[in-house]
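Have a look at the structure below, then the notes.
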Amino acid sequence: MQQTHGFSVPFKFPLHFTQDAWNRANTVFFDVIRREEADRRHRVLAVVDSEVASAHSSLLADMRKYFAAFPEALELVAPPVIVPGGETVKNDFSYSLDILARINDVGLDRQSFVVVIGGGAVLDMASFAAAIAHRGVRVIRFPTTVLSQADSGFAVKNGINLFGKKNFIGTFVPPFAVINDSRFLETLSHRDRISGVAEAVKVALLRDAGFYRYLETNVENIASGDLAVLTSLIRRSAELHLAHICGNGDPFELGSARPLDFGHWAAHKLESMTQHRLRHGEAVAIGLALDIIYSVRTGHLARIVAERILRLLQGIGFRLWDPALGERAAGGGPAIVHGLREFREHLGGELHVTLLRDIGQGFEVTEMDEAIVAHAIDELEARGASAAERPEPRVRSAVVFGRR
Ligand SMILES: NC(=O)c1ccc[n+]([C@@H]2O[C@H](COP(=O)([O-])OP(=O)(O)OC[C@H]3O[C@@H](n4cnc5c(N)ncnc54)[C@H](O)[C@@H]3O)[C@@H](O)[C@H]2O)c1
Ligand SMILES: [Zn+2]
């Protein structure tokens, strides 16, 4: 007789929106860390993105003062670990190892916390290190970029790059809590204000035509990096991503389908091919453009709708052509097509690629025609050449998206 055994583990994690989280008058962090155990002293190791630490010169002192204000409840067990910001930190295992060594040195246990403050790369790396220490030390994340506040900061996966492949090692572990502090966005470069918007465009295209129209209406303010518009698009993007993660029945991606990875098969490959010269968001914008043109060329999407979307992406400030797209593989076809094989390997099982039928309506295919991909790439190259001649977008006053 064969018996089947099983169990399910419920996960809950809050996502807070706040401002000035490390001001002692702000109790969001204090409340969050005590949400399961109010009566004990919580031990914390902090990991901070170097560029956030230097752009917010009082951050480390503010954190020290915050912990000092609640000595009965909070303990900062060591000075914060400062790690390089950006993809560098995911490309070298030694940064994860260093965090593991610190966790060991200060004797963190599974009820302690790693508090991570930084962009998506630092969050992915430090969350990975915490996840494998003692099989899981709890993590509280403070995402500091548009991309990480709108998408990756509350993702239930982490990881670093290995063998030239994005996110080759990593785990699925929800964070203990996520705190989106809008103050961090103020010091972002224009490039990083814009790059994260690609994930908002992606999720709008898949799930919410109304949100897509909001992005179109506000394109010039987005392009200028207006923080009021960026903050409101972060909220809607977060709601849509979370609705998917919590409501689609497959948060740990056991099946092969990954609808939120629209545009990502090419994006991940482009990031590796360009040695991460392109930001994740910039590569996603190109990946979206490629799969949108592919959707047109395979008869699924109306040309006029595709033109509208490409105009939005370019209006936001994305370049939809990168020379890496023109690289050829040994057999003569586009080198980027290897991304499809790696994507399938990463998912396991069948290839699943999301395409678009209309704005707000994604759907999945299980194969891609390489010749059509090559034509879509040619089309992007031709557009890239003509876009280079267009003037910069103008800036106008803010129009704020109302919460629905
Ligand atoms: N886990 C997931 O599900 C998931 C989802 C999407 C993306 N990601 C990952 O996220 C990473 C990209 O994240 P990102 O777009 O946030 O870029 P990033 O982390 O590379 O940060 C970009 C740059 O901005 C700097 N920076 C961060 N915050 C700043 C601030 N407030 N002020 C000034 N500078 C600041 C960083 O130091 C870095 O130089 C990629 O590695 C991608 O794979 C993960
Ligand atoms: Zn992404």
Side-chain angles (χ1 to χ4, degrees), residues 21 47-57 59 82-91 95 116-128 131 139 141-161 165-168 170-175 178 180-203 206 225 227 230 234 237-238 241-242 244-245 251-253 258-272 276-288 343 346 354:
V47 179
V48 182
D49 186 313
S50 58
E51 293 184 33
V52 178
S54 53
H56 296 261
S57 53
L59 173 65
I82 311 294
V83 295
E87 205 67 23
T88 318
V89 86
K90 286 179 67 173
N91 280 333
Y95 294 109
V116 197
I117 304 175
V122 168
L123 297 176
D124 270 4
M125 183 283 294
S127 303
F128 167 62
V139 169
R141 299 194 193 127
F142 285 78
T144 59
T145 57
V146 170
L147 184 133
S148 55
Q149 293 199 359
D151 177 353
S152 81
F154 45 82
V156 296
K157 51 195 177 180
N158 56 55
I160 61 171
N161 312 327
K165 291 180 180 168
K166 278 284 286 186
N167 306 324
F168 186 81
T171 69
F172 284 93
V173 185
V178 185
N180 273 354
D181 183 342
S182 59
R183 193 60 90 196
F184 285 119
L185 304 177
E186 291 170 9
T187 56
L188 277 178
S189 64
H190 184 259
R191 182 179 184 190
D192 284 303
R193 289 188 187 199
I194 299 308
S195 97
V197 178
E199 303 281 10
V201 174
K202 171 203 76 181
V203 80
L206 295 174
L227 285 182
L230 291 176
I234 284 171
S237 169
H241 277 94
L242 281 168
H244 175 82
I245 295 169
F252 293 167
E253 297 169 1
R258 291 247 295 256
L260 290 189
D261 275 352
F262 182 29
H264 278 59
W265 71 265
H268 283 164
K269 187 67 187 166
L270 268 176
E271 287 180 81
S272 310
H276 304 282
R277 173 173 47 74
L278 289 179
R279 291 276 198 269
H280 179 70
E282 293 165 346
V284 168
I286 295 175
L288 291 175
F343 195 62
H346 193 69
T354 302

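In each ligand, atom 1 is the first atom listed, and ligand 1 is the first ligand listed. Bear in mind that the values here come from a model prediction, so they are computed numbers and not experimental data.
- Residues F184 and P143 share a closest heavy-atom pair of CD1-O, 4.3 Å.
- With hydrogens and angles disregarded, no donor-acceptor distance shorter than 3.5 Å links the side chain of D151 to the backbone of E199.
- Taking any N or O of K90, backbone or side chain, at least one lies under 3.5 Å from an N or O belonging to ligand 1.
- The nearest N/O/S atom of H280 to the Zn ion (ligand 2) is NE2.
- Heavy atoms of N158 come nearer than 4.0 angstrom to ligand 1 in no pair at all.
- For atom 41 (O) of ligand 1, the closest heavy atom belonging to the protein is E87 OE1, 2.7 Å.
- For ligand 1, none of its N or O atoms has an N or O atom of D151 under 3.5 Å away.
- Shown in contact with F184 at under 4.0 Å from a heavy atom are these atoms of ligand 1, numbered in order with element: 30 (C), 31 (N).
- Taking both residues in full, the closest heavy atoms of N161 and N167 are given as OD1-N, 2.9 Å, listed atom of the first, atom of the second, then distance.
- Proximity of K166 to ligand 1 is established by a heavy-atom distance of less than 4.0 Å.
- With rounding to the nearest 0.5 angstrom, the NZ atom of K269 is 8.0 Å from the NZ atom of K165.
- For atom 18 (P) of ligand 1, the nearest non-hydrogen atom from the set P84, A121, G85 comes from A121.
- In terms of protein heavy atoms, atom 15 (O) of ligand 1 is closest to L147 CB, 3.4 Å.
- Side-chain N or O atoms of S152 include none that pairs as donor or acceptor with a backbone N or O of A155 at under 3.5 Å.
- Between F172 and F252, the ring-plane angle classifies as tilted under the 30° and 60° cut-offs.
- In summary, the atoms of ligand 1 found under 4.0 Å from a heavy atom of A155, numbered by their order in the structure, are 1 (N), 2 (C), 3 (O).
- A donor-acceptor pair shorter than 3.5 Å cannot be found between the side chains of K166 and H276.
- The single protein non-hydrogen atom nearest to atom 9 (C) of ligand 1 is D124 OD2, 3.4 Å, given as residue, atom name and distance.
- Looking at S127, A150, G86, A267 and measuring to atom 38 (C) of ligand 1, the nearest heavy atom belongs to G86.
- The structure places CD1 of I117 at 12.0 Å from OG of S148, a figure rounded to the nearest 0.5 Å.
- The atom of E199 nearest to the Zn ion (ligand 2) is OE2, with the search restricted to N, O or S atoms.
- Between the side chains of H280 and E87, no donor N or O sits under 3.5 Å from an acceptor N or O.
- Of the N or O atoms in E271, none lie within a sub-3.5 Å distance of an N or O in ligand 1.
- Side-chain atoms of L185 and R193, non-hydrogen and from C-beta on, never get closer than 4.5 Å to each other.
- With atom 37 (O) of ligand 1 as the reference point, the heavy atom nearest to it among V89, V52, D49 is part of D49.
- For the atom pair CG (L59) and CD1 (I82), the distance works out to 8.0 Å, reported to the nearest 0.5 Å.
- Listed for the E282 side chain is no donor-acceptor partner under 3.5 Å among the backbone atoms of S195.
- Counting only distance, with no hydrogens or angles, the side chain of R279 and the backbone of I194 share no donor-acceptor pair below 3.5 Å.
- Counting only heavy atoms of the protein, atom 28 (N) of ligand 1 lies nearest to T144 OG1, 2.7 Å.
- Residue H280 touches ligand 1 through its side chain alone, judged by heavy-atom distances below 4.0 Å.
- In summary, the atoms of ligand 1 found under 4.0 Å from a heavy atom of G119, numbered by their order in the structure, are 16 (O), 19 (O), 27 (C).
- The protein non-hydrogen atom at the shortest distance from atom 17 (O) of ligand 1 is G120 N, 4.2 Å.
- When hydrogens are left out, the protein atom nearest atom 21 (O) of ligand 1 is T145 CG2, 4.0 Å; that is the closest non-hydrogen contact.
- For a threshold of 3.5 Å applied to N or O pairs, the pair formed by E51 and ligand 1 contains at least one separation below that value.
- With hydrogens left out, the protein atom closest to atom 24 (O) of ligand 1 is D192 OD2, 3.4 Å, a heavy atom.
- Polar contact with ligand 1: absent for S189 (N/O pair, distance under 3.5 Å).
- For atom 5 (C) of ligand 1, the nearest protein heavy atom (residue, atom name, distance) is S152 CB, 3.3 Å.
- A heavy-atom distance below 4.5 Å is found between the side chains of T145 and L188.
- Close approach of ligand 1 to T187 is summarised as follows: ligand atoms under 4.0 Å from at least one heavy atom of the residue are 30 (C), 31 (N), 32 (N), 33 (C).
- Taking any N or O of R279, backbone or side chain, none lies under 3.5 Å from an N or O belonging to ligand 1.
- A donor-acceptor pair is defined here as one N or O able to donate and one able to accept, closer than 3.5 Å; no such pair exists between the side chain of H56 and the backbone of V52.
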